[in-house]
Amino acid sequence: MTNHRTKSWIINAMVAALYIVLSLLVGILNLASGAIQFRISEGLNHLVVFNKKYIWGITAGVLLFNAFGPGNSIPNVIFGTGQTLLALLVVGYVSPRLPKMWQKMALNTVLFTVSMCLVALELKLTLNSPFWWTYFTTAVSELIIMTITAPIMYYLDKVVHFNQRIEEK
């Protein structure tokens with residue numbers, strides 16, 4: 001049991017680190033924070049459809065990037081991390097009840113896109129950004145990234161087997 005728990009922690013730490021690195025790569029172009037966010041790291045959100053145990057690694061990556069990356073702030077940590085955790089928990093609960101992987105990934109994409117209202121609200125409260133325009137730009141950005149990365153994660157799973165990586169053997 002201890003080895004399995006340790007393995008799960010290590011894999012989630014690697015997911016968090018990967019999220020941060022991918023976010024920093026996009027952050028160089030100033031596209032990781034603000035009203036237009038093309039964080040390719042958001043594609044890691046699809047890991048939850050393979051196994052809900054990835055929720056903690058993804059959330060930790062978001063939290064750490066929002067706390068220490070470009071555009072870091074307490075509201076960003078609260079709203080951005082909260083948005084991610086909320087969407088992941090809902091997907092983690094609902095997706096096992098869906099029979100097809102494409103349905104799970106579509107649900108994940110839609111939930112993350114819709115939940116960008118929390119990020120838009122944060123930007124409205126902290127930067128006085130226009131809510132609806134900011135919601136539109138962040139949601140479209142998220143929709144694009146999640147749509148592009150869904151088939152990539154699907155085919156990566158065929159090679160890497162995400163569920164087996166975090167499950168006990």
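In this text, all values refer to a predicted model and were calculated from it rather than measured experimentally. No hydrogens, no waters, no symmetry mates; every other heavy atom, side chains included, goes into these values.
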Peer 1: Below 4.5 Å, heavy atoms only, C-beta onward: do M153 and L47 meet side chain to side chain?
Peer 2: yes

Peer 1: If the condition is side chain to side chain contact (heavy atoms under 4.5 Å, CB included), which residues does N51 pass it with, not counting sequence neighbours?
Peer 2: K53, Y54, N163, I166, E167

Peer 1: Once you round to the nearest 0.5 Å, how far does CG of L22 lie from CG of L44?
Peer 2: 6.0 Å

Peer 1: Less than 4.5 Å apart, side chain to side chain, heavy atoms only: is that true for Q83 and F79?
Peer 2: no

Peer 1: Donor-acceptor pair, N45 side chain versus T84 backbone, under 3.5 Å?
Peer 2: no

Peer 1: Do the side chains of W133 and V140 join up, straight or via other hydrophobic residues, at under 4.5 Å, putting them in one cluster?
Peer 2: yes

Peer 1: How long is the span from the CG atom in N76 to the OG1 atom in T126, to the nearest 0.5 Å?
Peer 2: 8.0 Å

Peer 1: Test S141 against M116 for side-chain contact (heavy atoms from CB on, under 4.5 Å), laying out the working first.
Peer 2: CA-CA 10 Å; S141 303; M116 290 304 281; over 6 Å; no

Peer 1: List the atom of G80, the atom of E122, and the distance in Å for their closest heavy-atom pair.
Peer 2: N-OE1, 4.4 Å

Peer 1: Out of curiosity, does I145 fall in the hydrophobic cluster containing L25 (side-chain heavy atoms, cut-off under 4.5 Å, transitive links)?
Peer 2: yes

Peer 1: Hey, quick one: are L156 and Y154 part of the same hydrophobic cluster, counting side-chain heavy atoms closer than 4.5 Å, chains of contacts allowed?
Peer 2: yes

Peer 1: Taking all atoms of both residues into account, what is the closest heavy-atom pair of V48 and N108, and its distance?
Peer 2: CG1-OD1, 4.0 Å

Peer 1: With A120, which residues qualify under side chain to side chain contact (heavy atoms under 4.5 Å, CB included), at least two apart?
Peer 2: F131, T134, Y135, T138

Peer 1: Could you state the interatomic distance from OG1 (T59) to CG (L85), rounded to the nearest 0.5 Å?
Peer 2: 4.5 Å

Peer 1: State the CD1-CG distance between I148 and L143, to the nearest 0.5 angstrom.
Peer 2: 9.5 Å

Peer 1: Taking all non-hydrogen atoms of both residues, which atom of R165 and which atom of I11 are closest, and how far apart?
Peer 2: O-CD1, 2.6 Å

Peer 1: Hey, does the side chain of E42 reach the backbone of R39 with a donor-acceptor pair shorter than 3.5 angstrom?
Peer 2: no

Peer 1: Among V77, L24, V21, which residue satisfies the side-chain contact (heavy atoms from CB on, under 4.5 Å) criterion with F65?
Peer 2: L24

Peer 1: May I ask whether I152 and V91 are part of the same hydrophobic cluster, defined by side-chain heavy atoms of I, L, V, M, F, W, Y residues being less than 4.5 angstrom apart, directly or through others?
Peer 2: yes

Peer 1: Can you measure from CG (L64) to CG (N72) and round to the nearest 0.5 angstrom?
Peer 2: 11.5 Å

Peer 1: Are L125 and L127 joined in one hydrophobic group, where the rule is that I, L, V, M, F, W and Y side chains link up if heavy atoms are under 4.5 Å apart?
Peer 2: yes

Peer 1: What heavy-atom pair brings L107 and L98 nearest, and what distance separates the two atoms?
Peer 2: CD2-CD1, 3.9 Å

Peer 1: Given a cutoff of under 4.5 Å between side-chain heavy atoms of I, L, V, M, F, W and Y, with clusters grown through shared members, what are the other residues clustered with I10?
Peer 2: M14

Peer 1: OG/S23 to CG/L18 distance, rounded to the nearest 0.5 angstrom?
Peer 2: 9.0 Å

Peer 1: Answer yes or no: is there a side-chain heavy-atom contact under 4.5 Å between F50 and M101?
Peer 2: yes

Peer 1: Would the distance check show the side chain of H46 and the main-chain N or O of M146 forming a donor-acceptor pair, the cut-off being under 3.5 Å?
Peer 2: yes

